[in-house]
Amino acid sequence: MAEHYSYILRCSDGSLYSGYTVAPERRLKEHNSGTASRYTRSRRPVTMEALWLWQDKRTALRAERAVKRLPRSQKEELIQGRRALVF
């Protein structure tokens, strides 16, 4: 049974990117090689700033969408552990 994750990356320009994966280490390598997303391709290298494990794909994708909707300040609070990911 696959594990499902949502995550936040910090790009080299300081911007934040959120996504979904079943293999966090592989996905980070893909982002850093330029094969994962158009957004991160020109903002390498990227670092994994936050990672959440979810019970199923649907929940992980809902979490990813919730993070994408947050303003940057609230994403930073998630990364620092001062805010819970609630959706």
Check: Of all heavy-atom pairs between Ser12 and Arg44, which one has the smallest distance, and what is that distance?
Finding: OG-O, 3.1 Å

Notebook entry, point to check: Could you state the interatomic distance from CD (Glu49) to SG (Cys11), rounded to the nearest 0.5 Å?
Noted result: 10.0 Å

Note to self: Strictly distance-based, threshold 3.5 Å: is any side-chain N or O of Lys68 a donor or acceptor partner for the main-chain N or O of Ser18?
What the structure shows: yes

Margin query: Measuring only between side-chain heavy atoms, which start at C-beta, is His31 closer than 4.5 Å to Tyr17?
Written below: yes

Check: If you count the non-hydrogen atoms of other residues, nucleotides and ligands that lie under 6.0 Å from CZ in Arg38, is the total more than 12?
Finding: no

Notebook entry, point to check: Looking at side-chain heavy atoms only, is the closest gap between Leu9 and Met48 below 4.5 Å?
Noted result: yes

Notebook entry, point to check: Of the non-hydrogen atoms in Ala23 and Thr21, which two are nearest, and what is the gap between them?
Noted result: N-OG1, 3.0 Å

Check: Out of curiosity, Arg65 CZ to Ser6 OG, how far, rounded to the nearest 0.5 Å?
Finding: 11.0 Å

Only distances under 3.5 Å count here; give the side-chain donor-acceptor pairs of residues 80-87 to other protein atoms, sequence neighbours excluded, each with its distance to 0.1 Å.
{"from": "Gln80", "atom 1": "OE1", "to": "Arg82", "atom 2": "NE", "distance (Å)": "3.0"}
{"from": "Gln80", "atom 1": "OE1", "to": "Arg82", "atom 2": "NH2", "distance (Å)": "2.8"}
{"from": "Arg83", "atom 1": "NE", "to": "Glu77", "atom 2": "OE1", "distance (Å)": "3.0"}
{"from": "Arg83", "atom 1": "NH2", "to": "Glu77", "atom 2": "OE1", "distance (Å)": "3.4"}

Notebook entry, point to check: Mind checking whether Tyr7 and Arg27 have side chains closer than 4.5 Å, heavy atoms only?
Noted result: yes

Next item on the list: Decide whether Val46 and Tyr39 are clustered together by the hydrophobic rule: side chain heavy atoms of Ile, Leu, Val, Met, Phe, Trp, Tyr closer than 4.5 Å, transitively.
Entry: yes

Check: Should Trp54 and Val67 be counted in the same cluster of Ile, Leu, Val, Met, Phe, Trp and Tyr side chains packed under 4.5 Å apart?
Finding: yes

Notebook entry, point to check: Does a side-chain N-to-carboxylate-O contact under 4.0 Å join Lys29 and Glu25?
Noted result: no

Item checked: Heavy-atom check, side chain of Trp52 versus side chain of Ile8, under 4.5 Å -> yes

Notebook entry, point to check: Between Leu16 and Arg10, is any pair of side-chain heavy atoms under 4.5 Å apart?
Noted result: yes

Check: Is it true that Tyr20 and Leu51 fall in one hydrophobic cluster, defined by side-chain heavy atoms closer than 4.5 Å?
Finding: no

